[in-house]
Amino acid sequence: MTVPSVIDVSAVEKSFGDLAVLRGVDLDVERGSVLALLGSNGAGKTTLVNILSTLLRLDAGSARVAGFDVASQPGKVRESISLTGQFAAVDEVLTGRENLVLIARLRHVPDPGRVADDLLERFDLTDAATRRAGTYSGGMRRRLDIAMSLVADPPVILLDEPTTGLDPQSRAEVWRTVRALADGGTTVLLTTQYLDEAEQLADRIAILHEGRIIVNGTLVELAQLLPASTVEYVEKRPTLEEIFLAVVGDHGGGLS
Ligand SMILES: Nc1ncnc2c1ncn2[C@@H]1O[C@H](COP(=O)(O)OP(=O)(O)O)[C@@H](O)[C@H]1O
Ligand SMILES: [Mg+2]
């Protein structure tokens, strides 16, 4: 029995001039799950997210999001996703509620006020609703940013480094939010450089390295990839950091 993939990436290639960033990426994400795409700085995570959100064209291969092809049905893909980047789209002069109402109006959503109030409630921002977003903490701001991206209730959410630059408490708040979204049936692909983020949040973890997905599995499956010699030295369960370094450092031996 197979669960249909909501995100389905097959043999995707992308170069910038002479720089081959994606060299045949295969990836799929099941409905209602969180996939964490891990990779070092410059690995191509944002490039892949931008291809999935139709901001960039792929050179070869194919990608489908919510059943729509990114190349031939970009409008349908855009209707199915929300994209939250590393740099929040929040207007600091407006209150949290005003930010949400503004987006709801721009998206022609019926009853913008009610949509805003529902999202404020869901993201635990009701008490701060009438405060200017400029006064929010990093975590509140990021939660507002994610709430804004959910105004049209998309089935797929792409989060590019959602917690970069946040303090630990704010990161934990964002993690709870993302987990709740997935538990509610939203499909989430997030990129991160933080191994603990992937460990805490993801149902599956994929590692992008030198243009390809070299490892893709649950944390338990990934732990089994550690070479036996390493495991002897690691008496506790290996951390994702240990796994990451092991596979990125030496991935010639059939680890994918
Ligand atoms: N528009 C662009 N033009 C040229 N090079 C780019 C462009 N976008 C990204 N790159 C390069 O592609 C590589 C991957 O970038 P990126 O996808 O942003 O990586 P990541 O998000 O994993 O840090 C980097 O070497 C980056 O400099
Ligand atoms: Mg990036």
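Values below: every heavy atom of this structure, side chains too, minus hydrogens, waters and symmetry copies. Since this is a predicted model, take the numbers as computed values, not measurements. In listed order, ligands and their atoms are each counted from 1.
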_Over 12 non-hydrogen atoms of neighbours within 6.0 angstrom of CD in Glu221_ = yes
*Within a reach of under 6.0 Å around CZ of Arg105, are more than 12 heavy atoms found that belong to other residues, nucleotides or ligands?*
no
*Under 4.0 Å from ligand 1, counting heavy atoms only: the protein residues, by chain and number*: Phe16, Leu19, Val21, Ser40, Asn41, Gly42, Ala43, Gly44, Lys45, Thr46, Thr47
*Does any donor atom in the side chain of Thr164 or Gln193 lie under 3.5 Å from an acceptor atom in the other side chain?*
no
*Go through the steps for Arg204 and Thr218 under the test side-chain hydrogen bond (donor to acceptor under 3.5 Å, both in side chains), then give the verdict.*
CA-CA 4 Å; Arg204 295 182 72 83; Thr218 63; 5.8 Å; no
*Strictly by modelled atom types, are Asn50 and Thr47 linked by a side-chain donor-acceptor pair under 3.5 Å?*
no
*Which residue pairs pass the salt bridge (Lys or Arg N to Asp or Glu O under 4.0 Å) test with at least one member in residues 181-192, sequence neighbours excluded?*
Arg179-Asp183
*Would you check if the Mg ion (ligand 2) lies under 2.8 Å from any N, O or S atom of Asn41?*
no
